[in-house]
Amino acid sequence: MAEVRLKDVNKTFGKVVAVKDFNLDIGDGEFIILVGPSGCGKTTTLRSIAGLEEVTAGEIYIGDRLVNDVPPKNRDIAMVFQNYALYPHMNVYKNMSFGLRLRKVPRPEIDKIVRRTADLLGIGELLDRKPKELSGGQRQRVALGRAIVRDPHVFLFDEPLSNLDAKLRITMRAELLDLHQRLKTTAIYVTHDQLEAMTMGDRIVVMNEGLIQQVDTPQKVYDHPINRYVAGFIGSPSMNFLPCTIVKGNGDLYAACKSYKLRIPQDKTKSLRDYIGKEAILGIRPEHIDTKDTITRKYDPESVFQASVWVIEPLGSEKLVHIKSEERILVARLDPHVDLKPGQMAEFIVKTDFIHIFDKETEKTIF
């Protein structure tokens, strides 16, 4: 195992800046997620750590060793790719043992390591099969096994679950987490799926346009996004945003939209003193919108607004209700038994303790 440090890393392709001023310390044994949309620089960062891309500037350390000029095979890393990258003419046993054979490991030891790892991954009975005879999940386990047998200091994962169906992705997420807890090897995992990021990482690194936006535990990123971009990217369905003006009345502050205003909790008003009379952006997560029929706790009468129901998505355990408000479509995550119909006008309640306000110009979080 080893720490990984990236110091002022930059990577350009001609005039295109793929990664900019990237600084990150990854702890020994930590499972860290690089997450962001396509083109944000996360895979380029991973490939730079692996040595598959040469950084334009900056330093990369694995353990105490500067590895900028160290070839990939000597960095003591193992990478699991999106497309599995298995040798089609080799059976599972030979695919898993290939790296060990290159390193001239004795045959008896290779056999012991491969069979032990195959049993760990539940593919012990597949060692004689070729990749074309395996399912997607089995191929992914073989790719994992090929990485594990090398006993690397660092595992690198490049969207390894994206080719699997939804049900298998859930299973493989759990298996990867269990595997990490047992091996305790430093792992860096790239995904565009924020659900994977939230469920798997010790910390997540949210990226956009080559820049780190925020680094923290999944829950802290979710509860306290640093800006509007992070707030909208993390969470499914994503946060609702509405233009508003911060106004004062009867000693309270309000986020005033066109047709209604929401009272801002007293403990949050201090950070808004300089915004009174100014425009801002109101953020409300879908789970923080309720209806008067289903809310079970006391609520502020000045947290209620009217909207028309547009589309309803029943999901069994919950119901996503798309509503038209302020000439925008908002999404509410409601109890599955709430009785609403498309076209109906209804009263909705915002759990104002959980709202977010963003600066209109900088889009940075005010609270």
Side-chain angles (χ1 to χ4, degrees), residues 223 225 227-314 318-367:
D223 291 338
N227 56 33
R228 178 178 174 174
Y229 172 80
V230 174
F233 188 81
I234 298 296
S236 180
S238 61
M239 185 180 288
N240 301 295
F241 297 105
L242 285 166
C244 69
T245 303
I246 306 303
V247 299
K248 189 173 183 179
N250 300 321
D252 290 316
L253 293 185
Y254 296 83
C257 301
K258 284 185 179 180
S259 56
Y260 56 85
K261 60 183 182 180
L262 303 176
R263 189 187 344 240
I264 294 167
Q266 283 289 336
D267 62 333
K268 299 181 184 295
T269 57
K270 186 176 180 180
S271 57
L272 286 175
R273 287 175 182 171
D274 295 334
Y275 286 87
I276 296 173
K278 295 181 180 179
E279 293 182 341
I281 301 167
L282 170 64
I284 311 169
R285 291 207 180 275
E287 59 268 33
H288 298 148
I289 300 176
D290 217 323
T291 64
K292 292 182 75 173
D293 293 334
T294 57
I295 195 163
T296 57
R297 63 180 182 84
K298 290 182 66 177
Y299 62 88
D300 183 350
E302 292 191 88
S303 66
V304 180
F305 69 97
Q306 282 196 330
S308 63
V309 177
W310 180 48
V311 171
I312 298 174
E313 295 182 80
E318 62 187 13
K319 187 176 286 185
L320 298 182
V321 180
H322 300 251
I323 57 180
K324 293 182 178 180
S325 173
E326 300 282 321
E327 302 175 352
R328 293 171 183 264
I329 302 296
L330 308 183
V331 181
R333 177 181 274 127
L334 301 177
D335 183 278
H337 303 104
V338 67
D339 185 20
L340 292 172
K341 294 177 175 59
Q344 175 184 346
M345 286 296 297
E347 287 190 320
F348 296 88
I349 298 166
V350 176
K351 299 175 184 177
T352 51
D353 287 343
F354 302 101
I355 63 173
H356 298 267
I357 302 290
F358 305 92
D359 186 290
K360 183 184 177 184
E361 302 301 325
T362 67
E363 297 196 343
K364 290 183 179 179
T365 302
I366 301 170
F367 68 78

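For the residue pair H356 and P225, the shortest heavy atom distance occurs at CE1-CD, 3.7 Å.
A distance of 9.5 Å separates CG in D290 from CZ in F348, rounded to the nearest 0.5 Å. Rounding to the nearest 0.5 Å gives a distance of 7.0 Å between SG of C244 and CD1 of I264. Atom CG in L253 sits 9.0 Å away from atom CZ in R273 (nearest 0.5 Å).
For K319, the NZ atom is densely surrounded, since the number of other residues' heavy atoms within 6.0 Å is greater than 12. Enclosure of atom CD in Q344 by more than 12 non-hydrogen atoms of other residues, nucleotides or ligands within 6.0 angstrom is indicated.
With sequence neighbours left out, the salt bridge (charged side-chain N to carboxylate O under 4.0 Å, His left out) criterion links E361 to no other residue. With sequence neighbours left out, H288 forms a ring-ring contact (aromatic ring centres under 6.0 Å, His included) with F354. Under the side chain to side chain contact (heavy atoms under 4.5 Å, CB included) criterion, D223 pairs with Q219, sequence neighbours left out.
Using a 4.5 Å heavy-atom threshold, the side chains of I329 and K324 count as touching. At a threshold of 4.5 Å between non-hydrogen side-chain atoms, the residues K292 and Y299 count as touching.
Relative orientation of the Y260 and F305 rings is parallel, given thresholds of 30° and 60° on the angle between their planes.
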